[in-house]
Amino acid sequence: MKVTALIMAGGKGERFWPRSRKNNPKQFLCLTGDGKTMIQQTVDRILPLVAMEDIYIATNKDYKKLVRQQLPELPEENILCEPVGRNTAPCIGLGAVHIRKKYEDAIMLVLPSDHLIKYKGMFLTVLQDAIKVAEEDNNLVTLGITPTAPETGYGYIKFNPGTIQGRAFAVDCFVEKPDTAKAKEYLESEEYMWNSGMFVWKASTILASLEKHLPKIYEGLLRIEETIGTEDAEAVLNGVFDTIPSESIDYGILEKEDHIYVLPGTFGWDDVGSWLSVERMKPLNDSGNVVEGNAMTVNVKNCIIEGSDKLIAAIGIRDLIVVDTEDATLICTKDSTADIKKIVENLKICNREKYL
């Protein structure tokens with residue numbers, strides 16, 4: 001069966017402010033030092049399985065130009081511009097109707113655009129196994145990450161170790177982000193995986209689930225599908241997408257559907273969710289620091305310091321994040337990274353749009 005991919009690239013990356021901005025969010029930045037942006041890396045790692053002509057990018061309409069610049073070989077019609085954000089269920093459904101329009105049916109890899117995968121060969125092997133499971137019956141497959149710590153920042157997947165299809169386990173339930181005590185309990189039980197937000201299924205399977213569980217979204221998608229490739233397509237998309245409900249694929253479909261399987265992944269996954277991820281992506285110096293740009297440090301330990309041409313002089317600081325850009329500077333403790341979004345929200349409230 002034909003294998004296609006939908007890469008979701010509409011996020012604003014607010015937790016990576018001030019480098020990630022409204023007009024140039026995280027997925028379009030080079031964060032790993034290899035010269036490629038996050039979305040370019042996402043596309044490159046799946047090319048052994050999916051032809052460029054079968055890769056679709058779902059993004060905010062304001063980011064179409066960025067996608068064209070960074071992925072010039074991608075067919076322009078494969079850039080699916082959402083007029084407004086409606087969460088992951090409508091986004092994935094939009095990709096599915098485009099794939100159905102082209103191929104009637106195909107395997108569909110659903111991947112975020114801003115994840116780090118360290119071991120590409122192992123990742124492709126897991127995807128190939130997931131494709132085999134998805135081809136059987138009406139199976140919905142998710143990639144789970146074998147947990148290495150009691151992480152409270154991820155959702156979890158509880159699986160049934162006694163029910164196996166290929167290398168995949170049947171999913172018992174999806175669990176929201178836990179507190180520390182619950183996260184430790186999940187880790188010790190060895191029956192939970194982190195929810196990576198990566199999925200594999202047939203386009204026909206996910207559309208049938210949308211029709212069953214989210215009929216209002218499905219009805220809107222049908223109207224959009226009818227006009228794909230016509231001169232009315234953009235007007236219908238704009239008119240319909242604004243009216244359909246906002247819903248996540250996890251809550252709207254996966255928590256309600258049967259035939260859901262999870263494959264464990266140990267391929268060096270990181271969701272690059274905050275500035276703390278930088279320590280996992282880049283080498284630390286002898287003092288435990290990540291230092292990039294024009295910086296001079298004296299008695300500095302366990303810090304992340306990023307700048308460019310302007311000199312950053314740091315003395316006697318510990319466990320801080322310092323990020324300097326042309327018009328804004330972030331200084332925060334490592335345990336306060338979740339509050340970066342509060343700064344962004346305050347900027348919106350104060351109408352300081354130029355810093356967003």
Side-chain angles (χ1 to χ4, degrees), residues 1-8 45-46 48-50 88-89 91-93 95-96 99-100 105-112 115 117 119-148 151 154-178 186-187 189-214 247-269 271:
M1 181 175 282
K2 173 67 72 173
V3 178
T4 65
L6 174 72
I7 297 172
M8 298 180 289
R45 73 173 65 105
I46 62 170
L49 289 181
V50 189
T88 51
C91 172
I92 291 169
I99 291 166
R100 181 165 71 178
D105 202 8
I107 291 291
M108 183 179 178
L109 314 181
V110 179
L111 307 169
H115 287 184
I117 305 292
Y119 306 113
K120 296 178 184 178
M122 295 173 68
F123 177 63
L124 291 175
T125 297
V126 173
L127 281 180
Q128 289 170 325
D129 290 339
I131 288 167
K132 293 176 184 177
V133 178
E135 286 176 331
E136 295 292 328
D137 301 320
N138 297 313
N139 294 333
L140 300 168
V141 185
T142 182
L143 304 191
I145 306 300
T146 303
T148 56
E151 176 61 56
Y154 303 143
Y156 283 70
I157 301 170
K158 187 178 188 301
F159 64 96
N160 184 342
T163 307
I164 304 175
Q165 178 157 333
R167 289 186 56 245
F169 299 93
V171 171
D172 278 350
C173 63
F174 290 80
V175 183
E176 297 298 324
K177 297 175 183 178
Y186 295 162
L187 182 65
S189 76
E190 300 184 349
E191 292 184 358
Y192 289 83
M193 300 181 207
W194 291 334
N195 185 356
S196 72
M198 295 185 280
F199 311 105
V200 181
W201 43 52
K202 290 181 291 207
S204 59
T205 300
I206 194 61
L207 286 170
S209 292
L210 284 164
E211 182 178 18
K212 177 181 177 182
H213 298 290
L214 299 172
E247 187 63 86
S248 74
I249 200 71
D250 295 67
Y251 181 76
I253 300 294
L254 299 180
E255 292 184 10
K256 302 172 182 176
E257 193 57 274
D258 299 321
H259 304 292
I260 303 178
Y261 292 88
V262 59
L263 274 95
T266 54
F267 37 72
W269 172 85
D271 75 337

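The figures here come from the full heavy-atom set of this structure, side chains too, leaving out hydrogens, waters and symmetry mates. This chain uses plain numbering: 1 for the first residue, then up along the sequence.
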Is there side-chain contact between [X] and [Y], with at least one heavy-atom pair below 4.5 Å?
X: His115; Y: Phe123; value: no
X: Asp172; Y: Ile157; value: no
X: Val110; Y: Met8; value: yes
X: Ile7; Y: Ile46; value: yes
X: Trp194; Y: Thr148; value: yes
X: Ile249; Y: Phe199; value: yes
X: Val262; Y: Val141; value: no
X: Arg100; Y: Leu207; value: yes

Crowding at [atom1], [X] (>12 non-hydrogen neighbours, <6.0 Å):
X: Phe174; atom1: CZ; answer: yes
X: Gln128; atom1: CD; answer: yes
X: Glu191; atom1: CD; answer: yes
X: Lys132; atom1: NZ; answer: no

Worksheet item: So, does Thr88 use its side chain to make a donor-acceptor pair with the main chain of Ser248 at under 3.5 Å?
Response: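 Pair absent, no side-chain N/O of Thr88 close to backbone of Ser248.
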Worksheet item: Ignoring hydrogens and geometry, is there a side-chain-to-backbone donor-acceptor pair from Thr266 to Ile145 under 3.5 Å?
Response: no
Practice prompt. Would you verify whether the NZ or CZ of Lys177 falls within 45 degrees of the ring axis of Tyr156 while also being under 6.0 Å from that six-membered ring's centre?
Written response: no
Item to complete: Tell me whether the centres of the aromatic rings in Trp269 and Tyr154 are closer together than 6.0 Å.
Response: yes
Worksheet item: How about Tyr119 and Phe267: are their ring centres within less than 6.0 Å of each other?
Response: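 Not under 6.0 Å, so no.
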Practice prompt. Starting from the C-alpha separation in whole Å, work towards a yes-or-no answer on side chain to side chain contact (heavy atoms under 4.5 Å, CB included) for Asn160 and Phe169.
Written response: CA-CA 6 Å; Asn160 184 342; Phe169 299 93; 6.0 Å; no
Interatomic spacing from [atom1] in [X] to [atom2] in [Y] - rounded to 0.5 Å:
X: Asn195; Y: Lys158; atom1: CG; atom2: NZ; result: 15.5 Å
X: Met1; Y: Ile131; atom1: CE; atom2: CD1; result: 11.0 Å
X: Trp201; Y: Glu135; atom1: CH2; atom2: CD; result: 16.0 Å
X: Ser209; Y: Ile260; atom1: OG; atom2: CD1; result: 8.0 Å
X: Asn139; Y: Thr205; atom1: CG; atom2: OG1; result: 7.5 Å
X: Ile117; Y: Met122; atom1: CD1; atom2: CE; result: 11.0 Å

Minimum heavy-atom separation for [X] and [Y], please, with both atom names.
X: Pro264; Y: Thr146; answer: CB-OG1, 3.9 Å
X: Leu124; Y: Pro48; answer: CD1-CG, 3.7 Å
X: Ala130; Y: Leu143; answer: CB-CD2, 4.1 Å
X: Thr4; Y: Ala106; answer: CG2-CB, 3.9 Å
X: Gly93; Y: Leu210; answer: CA-CD1, 3.7 Å
X: Asp105; Y: Ala203; answer: OD1-N, 3.4 Å

Discussion item. If the test is side-chain contact (heavy atoms from CB on, under 4.5 Å), which one of Val200, Val3, Leu6 qualifies with Met108?
Written reply: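 With Met108 as partner, Val200, Val3, Leu6 yield a single side-chain contact (heavy atoms from CB on, under 4.5 Å), made by Leu6.
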Discussion item. Show, in sequence, the C-alpha distance, side-chain angles and deciding distance for His259 and Leu140, and conclude whether the side chain to side chain contact (heavy atoms under 4.5 Å, CB included) test is met.
Written reply: CA-CA 6 Å; His259 304 292; Leu140 300 168; over 6 Å; no
Worksheet item: Any Lys/Arg nitrogen of Asp129 or Arg167 sitting under 4.0 Å from an Asp/Glu carboxylate oxygen of the other?
Response: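 Looking at Arg167 together with Asp129, the answer is yes, because their closest N to O distance falls below 4.0 Å.
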Item to complete: With side chain to side chain contact (heavy atoms under 4.5 Å, CB included) as the test, would you mind laying out the steps for Val175 and Tyr186 before giving the verdict?
Response: CA-CA 10 Å; Val175 183; Tyr186 295 162; 3.1 Å; yes
Worksheet entry | Steps toward side chain to side chain contact (heavy atoms under 4.5 Å, CB included) verdict (Glu247, Ile253) | CA-CA 9 Å; Glu247 187 63 86; Ile253 300 294; over 6 Å; no
